[in-house]
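Please read all numbers here as calculations on a predicted model, not as lab measurements.
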Amino acid sequence: MAGRARPQPQLQPHSSSASTRRRERWLVVLGVALHAVYMLSIFDIYFKSPIVHGMAPEPPRFSAPPAKRLVLLVADGLRADKFFEPDERGRYRAPFLRGVIEEKGRWGVSHARPPTESRPGHVAIIAGFYEDPSAVTKGWKANPVEFDSVFNQSRHIISFGSPDIVPIFCSSLPHSTWGTYPHEYEDFATDASFLDHWSFDQFQGLLNRSFEDAKLRQLLLQDKLVIFLHLLGCDTNGHAHRPYSNIYLNNVKVVDQIAESMYNLMESYFNDNQTAYVFTADHGMSDKVLLIGSHGDGHPSNTDTPLVAWGAGIRSPKFLAYTDKPDDGFRFVDDHKHDMPTPQDWALEGFERVDVNQADIAPLMATLVGLPCPLNSVGSLPTHYLKLSKADEVEAVLANTKQILNQFLRKSQMKQSSSLYFKPFKPLANYSLVLDQIEDLISAKDYENAMKHSEELRSMALAGLHYFQTYDWFMLMTTITLGYIGWMVNLILHVLQSYTSFPANLQKRTQVYANNTSVKVYIVGCFIMGFSSIILLLEKSPLLYHAYLFMTIFLWTRIVQNFEFIKAVWRELSNMPFKYTMNLLNISVIALFILEFLVMSFFDRKLYTWCFLILGILASSCVAIFIQASSALAVYVWLSCWFLSLFTLMPAEIPENNNLVQFFLDVGICFVEVIFWNNVDCCYNALGCICCDIFYNGVDIDLAPVSEQTAAPIAPDDQLVNSWFCYGATTFFTIKCSISPYIYLLGICSSISIALYWTILFNVAFFGTGNFASIASFEISSVYRFITIFSPFLMAALLIFKLFIPFMLVICTFSAITKVVRIPRLGCYFLVILLSDVMTIHFFFLVRNTGSWMEIGNSISHFGIVSAQVVFVLLLFALTNIFTKDIEVSSRQLSSRKVM
């Protein structure tokens, strides 16, 4: 170097005393406990059930209900466009239901809210509310809490269909008659339309038995009867063959035939024109996933489902030409606009289209047969479907409004009874006056204004439900955020106190202060904890609320206890030259920018491509200038970074491609050869790696696919030698020999830079050999080379081991660097956790409780993965000794301990 820079205040570790080791062990335990508790906070904030109990039902005040019985047909997985559009020959796939639209009833598109899955869709249709956020901890088939539904309110419910859906609503009802087919009927290798025929045949058989069973016939002839057929064929065929396949499209014709047969059967049996019919779907089906159909997200192909209603109580078709209307700001639950134009190929522009939110179907069905709306429903009654007098129409809407208002009042009462300082929802402070005004308008037969006020009150009640659902959010999120900040400040204080070169007299002064005042500070902290606990107990808060608050108070109590030391550090920094202050500020800003970049990379991994392209230029330049190694090593670093940039451009789902695997392995061999020629110390490892790779390439790559295609098992000897031995040996040697180049590259940094680079590489490792979603979307081909017999624990272990390889490489490099440059590894560990927790706070605010299961799960996993690094990294440290225990540092490399 030409010039000699002025030395900055240095950070170096004190002697490794027993007290320091005890303090660090205690800090690690505190960090593990804190992150474990704070990870649970998202379930108290984002995933609390909106369902409350204790409300009274609100039946509509009808002179007589529009219909005596209701038939609900749900075609699982049926897309709206595939239902309405013609086939390639110009003929419509659902001629009967299309005739209903043109001659007998009303139609529209039902907009589903993600997650567009079977259970959430049926809950919205039958119970009138959207996915309970607390279901994220229960699995998609289970109900987290009991809820009311149209089936509960009915006189009797008859249902046939899937064992995954029908029991959810009928198994606990004494007034139910239901049946399901065995699970093994759901075979993706067959045409599943026979499942739809099964459901219809079961109901037809029930009607036939009623001619000989007087009790059954009496049950069928009573009013408020609901009949539900779950038709699973479209969903199963869509998953197996995709929604563009002939099998799926033919299944659309099947459900139309079943709807026609059901209508003819009901009209022939009852012959009283007192049956209402509703045909819809729980969700659609997209083909974004390779080779299979899927659903779950908010794509229109998943959220747009058909809705056709006809029969008793349903209006006749209304002929209305579409006119382009201005955007009124209304949005359905899938964020689609109001009054969307009908596609021309549907050829339904002349018939009035009435779109609804999926939850609106529940109050529609309840009103048709004179039942109260489900107690937990948030659906708004779509009056354009109903054939009612003006008076009855207003009464129906008012009953719907009161039902939603009752939920609001119940939540308000529950929160007020447990709050010392209750903040009411002010827009509904005078709700009783509004109700009285509506009753007066009905008495005066001013139905138009009564309808307007009822709908406005209903909208306010829905807003009030959201207000109380998020009532504790501000307190909890503030507490958790302050807790994370307090934890990070404690980490900084520990690093400064344990690994600094501040003057000894500064340490002595602050130690005297600590001895004199720490007891007082902790007494005040305990008093605040006790006072807070009393408040939480009086408010009947959950026990975890106490844990959140205690940890936050404890952390900030420790910060106050070190206040004098903080002042001394501030004075020391203030006395530094302006240039060094600006350097520190610049480093902090750059680090924050990089951490935010890492957060964004979780949503768009292509950002890493630019990262590696830039890093390739900068890193190779640093190697050439500062390390002054051979030009081949600089070229190797440059090519390595640019080669890695290709991986994050690839799609997440790539089918098996042996040529691609062979290419990557060949490139890896070339890189190992470069290491061999530039680092003699690793020649043995490189030679072993090359030999294993060549053997593995020549034998194993083509072995498993051939066996898989011919359904022939791989011989045990081939599995043992070609897969288990080669893979294990290659992994060991590759990690051993790959550490060295990274040591050359990163060994030139101060310790905060090492921690920052390590954080970047650790996050890049998530895109190395897959992602944790691959465990959930398991395919036998992933481990076919190692085992062909289904063994879930061994297969899961293999997948997890595969995912751990990039992390082990990064952590081994990190450990090796701390040895080479002689800096305390545990101190660097605390810096890594400090940087990770900056990302943790950001992900904490990005957790989602709406959207598809994948979107919700990803937001939770992002937060959980970054939070768990305090434990994950510690466990990986314990494993690094296998690969780094033989690293020796000569005295000529560094004669004194590197400073932090």
Side-chain angles (χ1 to χ4, degrees), residues 69-79 83 94 97 110 112 116-128 140-143 147 149-152 154 156-173 176-188 190-207 225-240 248 251-252 254-263 265-266 276-285 295 305-309 358 361-362 365 374:
R69 67 195 67 86
L70 170 76
V71 173
L72 172 63
L73 303 174
V74 178
D76 202 310
L78 176 59
R79 287 171 53 154
F83 175 78
L97 289 172
S110 171
T116 47
E117 303 285 352
S118 292
R119 189 203 65 177
H122 282 86
V123 169
I125 293 169
I126 299 169
W140 77 271
K141 295 181 182 178
N143 288 314
F147 56 84
S149 71
V150 175
F151 295 176
N152 294 37
S154 67
H156 199 86
I157 169 66
I158 299 174
S159 178
F160 297 99
S162 166
D164 295 326
I165 296 298
V166 172
I168 292 177
F169 302 95
C170 301
S171 60
S172 61
L173 296 182
S176 64
T177 302
W178 57 279
T180 64
Y181 40 77
H183 274 287
E184 51 266 25
Y185 278 26
E186 300 178 16
D187 188 352
F188 290 100
T190 63
D191 182 354
S193 60
F194 80 95
L195 300 176
D196 302 340
H197 288 292
W198 185 95
S199 299
F200 173 75
D201 292 343
Q202 295 300 308
F203 178 71
Q204 186 179 37
L206 183 99
L207 292 188
L225 175 68
V226 177
I227 300 163
F228 167 49
L229 295 188
H230 176 240
L231 311 175
L232 186 63
C234 286
D235 183 75
T236 303
N237 284 328
H239 280 299
Y248 179 89
N251 210 142
V252 179
V254 171
V255 296
D256 179 73
Q257 294 167 4
I258 290 177
E260 181 179 16
S261 300
M262 193 70 181
Y263 172 74
L265 181 65
M266 293 292 294
Y277 303 86
V278 175
F279 174 89
T280 188
D282 54 349
H283 57 75
M285 181 73 63
H295 52 82
T305 61
L307 174 61
V308 182
Q358 196 172 58
I361 299 175
M365 295 191 298

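- Residue Leu73 holds its CG atom at 9.5 Å from OH of Tyr277, rounded to the nearest 0.5 Å.
- Applying side-chain contact (heavy atoms from CB on, under 4.5 Å) to Ser118 and the options Ile165, Ile168, Val123 leaves one that passes, Ile165.
- Leu78 places none of its side-chain heavy atoms less than 4.5 Å from the side chain of Met285.
- The two residues Ala75 and Val255 have their closest heavy-atom pair at CB-CG1, 4.2 Å.
- Within the 4.5 Å cutoff, the side chain of Asn237 has heavy atoms near those of the Asp191 side chain.
- Residue Leu225 comes nearest to His156 through the heavy atom pair CD1-O, 3.4 Å, listed as atom of the first residue, atom of the second, then distance.
- Taking the side chain as every heavy atom from C-beta outward, Arg79 and Val252 never approach each other to under 4.5 Å.
- Note: Phe151 and Phe228 have tilted aromatic rings, judged against thresholds of 30 and 60 degrees for the angle between ring planes.
- Taking both residues in full, the closest heavy atoms of Ser110 and Ile361 are given as OG-CD1, 3.7 Å, listed atom of the first, atom of the second, then distance.
- With respect to Thr180, the side-chain contact (heavy atoms from CB on, under 4.5 Å) criterion is satisfied by exactly one of Pro167, Cys170, Ser159: Pro167.
- Looking at every heavy atom in both residues, Asp196 comes nearest to Cys234 through OD2-N, 4.5 Å.
- The distance from the CE atom of Met262 to the CG atom of Leu72 is 10.0 Å, given to the nearest 0.5 Å.
- For Tyr185, the side chain to side chain contact (heavy atoms under 4.5 Å, CB included) criterion is met by Tyr181, Pro182, Phe194, Leu195, Trp198, not counting sequence neighbours.
- Rounding to the nearest 0.5 angstrom, the gap separating the OG atom in Ser199 from the CD1 atom in Ile258 is 7.0 Å.
- The CD1 atom of Ile227 lies 3.5 Å from the CE atom of Met266; values are rounded to the nearest 0.5 Å.
- Across all their heavy atoms, Asp282 and Gln358 have their closest contact at O-NE2, 2.8 Å.
- For the pair Leu70 and Met365, the tightest heavy-atom approach, listed with the atom from each and the gap, is CD2-CB, 3.4 Å.
- At a threshold of 4.5 Å between non-hydrogen side-chain atoms, the residues Phe169 and Ile157 do not count as touching.
- Checked against side chain to side chain donor-acceptor pair (under 3.5 Å), Ser149 has the following partners two or more places apart in sequence or in another chain: Asn152.
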Any chance you could lay out the side chain to side chain contact (heavy atoms under 4.5 Å, CB included) test for Ile126 and Val74, step after step, and finish with the verdict?
CA-CA 10 Å; Ile126 299 169; Val74 178; 6.0 Å; no

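- With rounding to the nearest 0.5 Å, the separation of NE2 in His122 from CG in Asp164 is 10.5 Å.
- Leu229 CG to Ile158 CD1: the interatomic distance, rounded to the nearest 0.5 Å, is 10.0 Å.
- Gln204 meets the side chain to side chain contact (heavy atoms under 4.5 Å, CB included) test with Phe200, Asp201, Asn208, Leu265; sequence neighbours excluded.
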